[in-house]
Trainee: 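Okay, here's the structure, questions in a sec.
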Amino acid sequence: MKTFTKNLRHKMVRENRVYIMPSGSGAVFFLSIVVLVLAAATYNNNLIFILAFFLSALFVVTMLQTNFNLKSVRLQFLSVDDAFEGDKLTLLFQVYQKRFGFKRSLRLRTSSKQWATVEEGREELTPREPTKPVRLTVKAWKRGVHPLPTIILETYYPLGLFRAWKVFRPQGEMIVYPQPAGRRVLEPSNHDFGEEELGLCTSPEGDFGELKPYQPGESYHQIAWKHYARTGNLYSKVHWGEEHKFYRIPWDPRGATTEIYLRQMSQWVKLAMEENASFEMELPHRKIEAGNGTDQAKTCWRELALLKGAA
Amino acid sequence: MTPGLRTLVRPLLYLVIFNLLPEIYLRPWWITVAALSMVGFRLWIEHTGYRIPPRWILITIQGLLCAAVWQQYQTFWGDESGGALLTILMCLKVYELKRARDFFITSILCVLVLMSYLLLDQGLSLTFFMLVDLVAIITFLFALQDEKWSWKIWRQATKPSIALALKSLPLVVLMFVLFPRFNTGFGHSGNSVGKTGVTDSLRPGSVEDLVNSDELIFRASFLDGNVPGPNQLYWRGAVLDKSNGLDWDRSRSAPRDAQPAMTLQSPDLEVYLEPGSDKFLFSPENTQTLAFPNASGLRVNSRDGKVYELADSLQTRERYYIKRGTPAPEDEDLSRFLQTGEKPSPELEKFLKKYQGKPTSEVIQSLQETFRGGDYHYSLKPPHSANLDEFMFKNKTGFCEHFAGAMGTILRDLNIPARVVVGFQGGTPSYFENYISVRGHDAHAWVEYFDSNAKRWRRVDPTAEVEPLRVSQGSNSYFEEGRNLMPSWMPAGWFRTYLKSRAFMDEVEANWTGFLLRFDLARQKELLAKLGMEEVLFRALGVFLLLSVGLILAVLYFFEAQRKEPLSPDEKIYRQLLNVLKKWNIHKTPQEGPLTLMAKIRAMNASLAEQVEPILAPLVRVRYGQGILSHTNVNELRKRLRLLRKFKI
């Protein structure tokens, strides 16, 4: 039944068509007109008739204006930022008009309860600025890759008596990463960095770094052990920035549910990124090779988002 | 409350205060004071940031005020009491402004309170107030949509409201003319006091109570243009035939000859009677027929003494027509017009002796001389006279009801059939003398006696002998307590100017009333009959109204669709350029700016780019505020555009 109604709605409610109905305020306004007409008829009072007719005419004319406010306005999807579960997801649209006029109080929101609108987009178009970017923020409710929700472009201009709206079904995807959460500690692991000559060494990514004489108190993890094995001298590895760590993020739920473990992995990715460490990730179906930085983190997060598992 | 809505609180409070202005003269003073105090206190809270009183206090205030309304009107069901309750509701609602919906409801309450004013007064000044108020309310609703208000641009904010109001006008006119008038059948509430004050009885003081009333009772137009002088303007309301000294009553008798409504051929007078709880239809002497227009649905009853009344009280302003004529000789049983409540006292008998045995005309003349020269005084605040003797022989001071009641009884004691008539005398001519306005203070009582020779009733007004000015100049001459004229400190010229300007405004108002408010069901049917829609009135009206509304909507739709907003010269040239580029299949997508477009053209064809750049570059500078486009520049760009049209890749 749900699918049937959904399909029916999909067929009947077409994109780019203006729909208009009285709003709650409009219903109250209409009722007050009825009260005025009855009072005028009861007391045979022509001035109250004039008042009632004026409000009726206003009702009708604002219906036209509300309709025109949305006519020829179009929406184009530009981009969407990825976000973590529970965070805000910002969708960027371009609102524009085909015929250049004043379009006021245009509001953008989603029609989906799941993708609840956190911050409505509100814009005005003028002949001087017939196109404008508009942001719509929704709450990312669930990890995964999701199609863009149906967008409603609506207006209540000029008096709020009518609501006119258009439905847009943009094509695109939103990716929601698992929320970084979890208390498990992931120790950095030793990584075979390759040849470590004095002043010349490589990181896992192949970048060059440096060796410096070991100072007591420095972390043992930074000691170039292979170099020590060959030369007997203790040197610490110095790459760009601080101590360069390497994390191997395993696929090891240890009894936790998939979702919880995915959040844990997300947390590790986040920490590794913040530490500017290199990291690689194991997933059930593939392995993400070592890397570092934001791009590496995004790659990992995307894979975590795409992973099918218990919701 | 959002920050945007917060900016709307003060404008709304000022709107409500503006809406309360007519309260000052339309409602009891305590309601006005209470309403202004409540809103004023809310405004003070807004300025100082104090807390809004808790709900229980507001509910208590509401309860007290409702009780006070009940005490004032003895009902909640009525136009005045309902209006007072609406006012209280509106003033309390401003303490509940949290969401946009609350602001909207308050605006609607302003409209309903406005409606309650129109139930009490339909004058020109209130009409003007209504228009200003509506524009203010629409302006506020515009601001409510944007959820922001700025006092700096309030003038700009009213422009779209006025534009919207003007666009609505054609539909208003159409609906006003074509919307079928109907009656809900609820009618007026009970317990309201009759406006005219004229009743079926006369007691000392009953007419005097009306002296201070400036209430408009009716307006009368003499359609033949012959307006009698004030001395001849006696408007008969009730004829009283039961005498008891100074007290007179009307005997109960069934109304006879109930006349169906009809439209008179060539009426002499057209009367607009204001609504009240009275049934009396006032008519001058020598009235032959009185009738309402065909479609009014009102039936006229005639009563003894050739006065007319309705079966039920008049609830709304109505007009009726009168035709006058020479009265036919009457042959009725006059015995009840000789009845007196008690035998004359010895003193009265002594007084009556000098009139006995004389013909009726001599008696009348002598009595008039007695009142004229007998040291009688006309006063707006006479001393209390317990009976006829005390008035005639001791106090000798009274109001018209005293003189009329006394003379009527005296005539009966002299075996002359007599009756007392209560109604109105005189009236104020309009500024251009097109009609007479009769107000509460024109209330009067006089006597009619039966002339056995002519076999007809004749009028005699004893007040005219005691105070001729009252009858010849009208009640306007009586300005304050005391006998005569205006205060001694007021120059006569000021008072005349005041009366003249009031008459002028009254005429303007009467024309407004006549032109617009005269459009009742009867007039509507007459108009539609002229259009050939008499028979199938309501159905045809409904269809015609819908079609007309549809037509007007279509016209509005057409104009809205075609409406082009004014473009600056640089915008026009830019759009023309984009149109020209389509020739080479170069389309600007919405997200592309002019510079991106230029890069696209350059990538596509360098020679074309060379032609386009001199046009686009200055437009970009203007758009981003780095230059201005002078008239010379515009012409130059247009010339380049023309060349570009002819360009071939």
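Small disclaimer: the values here were computed from a predicted structure and weren't measured. Atoms considered below: every heavy atom in the structure, side chains included; atoms not considered: hydrogens, waters and symmetry mates. Lettering of chains follows the sequences in order, A, B, ..., and the numbering in each one begins at 1.
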Trainee: Counting heavy-atom pairs under 4.5 Å to chain B, which of A:Leu161, A:Val35, A:Ile48 comes out on top?
Mentor: A:Ile48

Trainee: With only heavy atoms counted, which part of B:Leu134 is less than 4.5 Å from chain A, the side chain, the backbone, both or neither?
Mentor: side chain

Trainee: Please flag which part of B:Leu112 lies under 4.5 Å from any non-hydrogen atom of chain A: side chain, backbone, both or neither.
Mentor: side chain

Trainee: Less than 4.5 Å apart, any side-chain heavy atom of A:Gln65 and any of B:Leu164?
Mentor: yes

Trainee: Is B:Ala165 close to chain A through its backbone or its side chain, or both, or neither, when contacts mean heavy atoms under 4.5 Å?
Mentor: both

Trainee: Under a 4.5 Å cutoff for heavy-atom pairs, which residue among B:Val172, B:Ile108, B:Ile105 has the most contacts with chain A?
Mentor: B:Val172

Trainee: Which answer fits B:Leu174, side chain, backbone, both or neither, if we ask what part of it has an atom under 4.5 Å from a heavy atom of chain A?
Mentor: neither

Trainee: If you look at every heavy atom in A:Asn45 and B:Leu118, which pair is closest and at what distance?
Mentor: ND2-O, 2.7 Å

Trainee: Counting only non-hydrogen atoms closer than 4.5 Å, does A:Tyr156 touch chain B with its backbone (N, CA, C, O), its side chain (CB onward), both, or neither?
Mentor: both

Trainee: What are the two closest non-hydrogen atoms of A:Phe54 and B:Ser168, and how far apart are they?
Mentor: CE1-CB, 4.4 Å

Trainee: Would a 4.5 Å heavy-atom cut-off, applied to side chains only, mark B:Val111 and A:Leu36 as touching?
Mentor: yes

Trainee: State whether the number of non-hydrogen atoms from other residues, nucleotides or ligands found under 6.0 Å of A:Arg74 atom CZ is greater than 12.
Mentor: yes

Trainee: What part of A:Ser105 gets closer than 4.5 Å to chain B, counting heavy atoms only: side chain, backbone, both or neither?
Mentor: side chain

Trainee: Working note: A:Asn46 + B:Phe176, criterion side chain to side chain contact (heavy atoms under 4.5 Å, CB included); need CA distance, chi angles, decisive distance, verdict.
Mentor: CA-CA 8 Å; A:Asn46 270 337; B:Phe176 183 78; 3.9 Å; yes

Trainee: Should the heavy atoms of other residues, nucleotides or ligands under 6.0 Å from NZ of B:Lys588 be counted, would the total exceed 12?
Mentor: yes

Trainee: For the interface with chain A, which of B:Leu144, B:Val173, B:Ile138 has the highest count of heavy-atom pairs at distances below 4.5 Å?
Mentor: B:Ile138

Trainee: Of the listed residues (A:Phe53, A:Phe49, A:Phe59), which shares the most heavy-atom pairs with chain B below a 4.5 Å separation?
Mentor: A:Phe53

Trainee: Tell me, yes or no, whether the heavy-atom count around A:Phe30 atom CZ, taken from other residues, nucleotides or ligands under 6.0 Å, exceeds 12.
Mentor: no

Trainee: Using every non-hydrogen atom in the two residues, find where B:Met175 and A:Ser56 come nearest and quote the distance to one decimal.
Mentor: CE-CB, 3.7 Å

Trainee: So, for B:Met130 and A:Ile50, which heavy atoms are closest and what is the spacing to 0.1 Å?
Mentor: CE-CG2, 4.2 Å

Trainee: Hey, what's the ring geometry for B:Phe104 with A:Phe29, parallel, tilted or perpendicular (30° and 60° as the breaks)?
Mentor: tilted

Trainee: Please classify the contact of A:Thr126 with chain B as side chain, backbone, both or neither, using a heavy-atom distance under 4.5 Å.
Mentor: neither

Trainee: As an exercise: rank A:Val60, A:Thr62, A:Leu55 by heavy-atom pairs under 4.5 Å with chain B and give me the winner.
Mentor: A:Val60

Trainee: Side chains of residues 86-96 of chain A: which donor-acceptor pairs under 3.5 Å do they make with residues two or more places apart or in other chains?
Mentor:
unit_1: A:Lys88; atom_1: NZ; unit_2: A:Glu119; atom_2: OE2; d: 3.3
unit_1: A:Gln94; atom_1: NE2; unit_2: A:Thr131; atom_2: OG1; d: 3.1
unit_1: A:Gln94; atom_1: NE2; unit_2: B:Pro590; atom_2: O; d: 3.4

Trainee: Could you report the tightest heavy-atom contact between B:Gln145 and A:Leu159, atom names first, then the distance?
Mentor: CG-C, 3.7 Å

Trainee: Which value, rounded to the nearest 0.5 Å, describes the distance between B:Leu141 atom CG and A:Ser25 atom OG?
Mentor: 8.5 Å

Trainee: Has A:Lys132 got more than 12 heavy atoms of other residues, nucleotides or ligands less than 6.0 Å from its NZ?
Mentor: yes

